[in-house]
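All residue numbers in this chain count up from 1 along the given sequence. Because only heavy atoms are used, hydrogens play no part in the values below, and waters and symmetry mates are left out as well, while side chains stay in.
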Amino acid sequence: MRQDNQTSIREFVLLGFSREQGINILLFTLVLCMYLITLAGNTLIIVATCIDPRLNTPMYFFLSNLSFLDICYTTSVVPQLLVHSLSIHKKISFIRCMTQLYVAFLLGTTEFILLAVMAYDRYTAVCHPLHYKIIMSRKVCIQLMMVSWISGFTNALVHTLFTLCLHYCSYNVVNHFGCDVLAIIKLACSDTFVNDIALMVSGVLVLFIPCILVMLSYVYIIRTIMSIRSAEGQKRAFSTCISHLTVVILCYGTAVVTYMTPKTDNSSNRDKILSFLYAVVTPMLNPLIYSLRNKEVKGALTKIALRKNILLEGQ
């Protein structure tokens, strides 16, 4: 009988955050401002690493890739969120929903692996400074970046295919502002055991293990920093890591709570808020965190601003 009640869903309805028009207008304004800041901040980071020779190092190579991922990830979510904030009918086609789910897994997985790679880069720089340039050669950096992207493509493909294989009933209302896999599989009529196992395995491989590696890296980093005799040397060494550690806490913290904690009756609303923090807030904060605590980045951005002023005066 259950098989007979299954229908072919062609679109989903996204509940978003509120049905109150006033709240949605306020949300639209807030998200638009944050999105513009995200685009401007991350674009400046990419431009700065490209034009300033002092930033031609592995650390800034990975940072520019992180900024690119942030731009892509937030762009895959925010434009739709802005449109739906002002729309009465918040519909999205089945194909677009699956595409968004794939892109979210692709970029999210790549970013988590990249953050672990950046932790290894900081470990090498602090703990093995004399061999840093040899260990983190250009070839190695590109290979590590490729591993991050391949991991993202593979993980996204697996979860998207498993989600496509599910049967969906006539109820198509998603309690989310986007096509989040946890919210989508709740609508399935068929057994989601395989999907749950895949999510658990993915959580271990993409979140838990990289998080452990990041923690181990910083244990060695802190131990090495504490062995430095001068306070100025300790401060300089730690300043190169604090920005990355802050971003790691923001990204891994929200993802671990969302995907690796027990679900309750109120977990849908909690997951929605955490997804908003990861998809909208964190990409906006990342360039601010790196630029405010990094003299090289601030110097490069100042150089860009001065060059722009000179060009404007010349005209």
Strictly distance-based, threshold 3.5 Å: is any side-chain N or O of [X] a donor or acceptor partner for the main-chain N or O of [Y]?
X: Thr246; Y: Ile242; answer: yes
X: Asp271; Y: Leu182; answer: no
X: Asn42; Y: Thr38; answer: yes
X: Gln100; Y: Ser76; answer: yes
X: Ser202; Y: Ala198; answer: no
X: Thr109; Y: Leu106; answer: no
X: Thr43; Y: Ala40; answer: no
X: Ser137; Y: Lys133; answer: no

To the nearest 0.5 Å, tell me how far [X] [atom1] sits from [Y] [atom2].
X: Lys272; Y: Leu277; atom1: NZ; atom2: CG; answer: 13.5 Å
X: His244; Y: Ile249; atom1: NE2; atom2: CD1; answer: 10.5 Å
X: Ile209; Y: Ile212; atom1: CD1; atom2: CD1; answer: 9.0 Å
X: Met145; Y: Asn65; atom1: CE; atom2: CG; answer: 4.0 Å
X: Tyr252; Y: Met215; atom1: OH; atom2: CE; answer: 11.5 Å
X: His84; Y: His89; atom1: NE2; atom2: NE2; answer: 11.5 Å

Between [X] and [Y], is any pair of side-chain heavy atoms under 4.5 Å apart?
X: Ile88; Y: Gln21; value: no
X: Cys251; Y: Leu115; value: yes
X: Tyr259; Y: Val181; value: yes
X: Val219; Y: Arg223; value: no
X: Tyr120; Y: Met136; value: yes
X: Phe62; Y: Val117; value: yes
X: Leu14; Y: Gln80; value: yes
X: Asn286; Y: Glu111; value: yes

Which heavy atom in [X] sits nearest to a heavy atom in [Y], and how many Å separate them?
X: Val173; Y: Leu187; answer: O-CD2, 3.4 Å
X: Thr110; Y: Ser148; answer: OG1-O, 3.5 Å
X: Ile113; Y: Pro210; answer: CD1-CG, 4.1 Å
X: Ser275; Y: His176; answer: OG-NE2, 3.3 Å
X: Leu82; Y: Leu32; answer: CD2-N, 3.7 Å
X: Tyr73; Y: Ala104; answer: CE1-O, 3.4 Å

Passing option when Phe162 is tested against Ile197, Val194, Leu157, Asp196 for side-chain contact (heavy atoms from CB on, under 4.5 Å):
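In the set Ile197, Val194, Leu157, Asp196, the residue that makes a side-chain contact (heavy atoms from CB on, under 4.5 Å) with Phe162 is Val194.
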Any disulfide bond (SG atoms under 2.5 Å apart) involving residues 83-144? Give me the pairs, sequence neighbours left out, ordered by first then second residue.
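Qualifying pairs, neighbours excluded: Cys97-Cys179.
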Are Phe112 and Tyr278 near enough that their ring centres are under 6.0 Å apart?
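Here the rings of Tyr278 and Phe112 have centres that are less than 6.0 Å from each other.
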Determine, stepwise, if the pair Asn155 / Val206 fulfils side chain to side chain contact (heavy atoms under 4.5 Å, CB included).
CA-CA 9 Å; Asn155 194 43; Val206 176; 4.0 Å; yes
For the residue pair Tyr220 and Tyr123, categorise the inter-ring angle as parallel (less than 30°), tilted (30 to 60°) or perpendicular (more than 60°).
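Geometry flag for Tyr123 against Tyr220: perpendicular rings.
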Where does the angle between the aromatic ring planes of Phe177 and Phe276 fall among parallel (under 30°), tilted (30 to 60°) and perpendicular (over 60°)?
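Because their plane-to-plane angle is over 60°, the rings of Phe177 and Phe276 count as perpendicular.
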With Leu166, which residues qualify under side-chain contact (heavy atoms from CB on, under 4.5 Å), at least two apart?
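Tyr168, Ile185, Ala188, Ser190, Thr192, Asn195.
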Show the numbers, then the answer: is there a side chain to side chain contact (heavy atoms under 4.5 Å, CB included) between Leu15 and Lys90?
CA-CA 7 Å; Leu15 283 183; Lys90 308 177 191 298; over 6 Å; no
Before giving the answer on side chain to side chain contact (heavy atoms under 4.5 Å, CB included), spell out for Tyr171 and Ile9 the whole-Å C-alpha distance, their side-chain angles and the decisive distance to 0.1 Å.
CA-CA 9 Å; Tyr171 187 74; Ile9 288 181; over 6 Å; no
Do [X] and [Y] belong together in a cluster built from hydrophobic side chains that touch within less than 4.5 Å?
X: Tyr218; Y: Ile135; result: yes
X: Tyr35; Y: Leu30; result: yes
X: Val147; Y: Leu205; result: no
X: Met59; Y: Ile142; result: yes
X: Leu164; Y: Phe12; result: yes

Is it true that, when you exclude Phe68 itself, more than 12 heavy atoms of the residues, nucleotides or ligands shown sit nearer than 6.0 Å to its CZ?
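At most 12 heavy atoms, drawn from other residues, nucleotides or ligands, come within 6.0 Å of this atom.
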Take Ile46 and Ile71 through the side chain to side chain contact (heavy atoms under 4.5 Å, CB included) test and state the conclusion after the steps.
CA-CA 11 Å; Ile46 295 172; Ile71 290 174; 4.1 Å; yes
Looking only at side-chain N and O atoms, does Ser85 offer a donor or acceptor that is under 3.5 Å from a partner on Asn24?
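Their side chains do not contain a donor-acceptor pair, so the 3.5 Å distance test is not met.
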Donor + acceptor pair across side chains of Tyr132, Asp121 (<3.5 Å):
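Indeed, the side chains of Tyr132 and Asp121 share at least one donor-acceptor pair under 3.5 Å.
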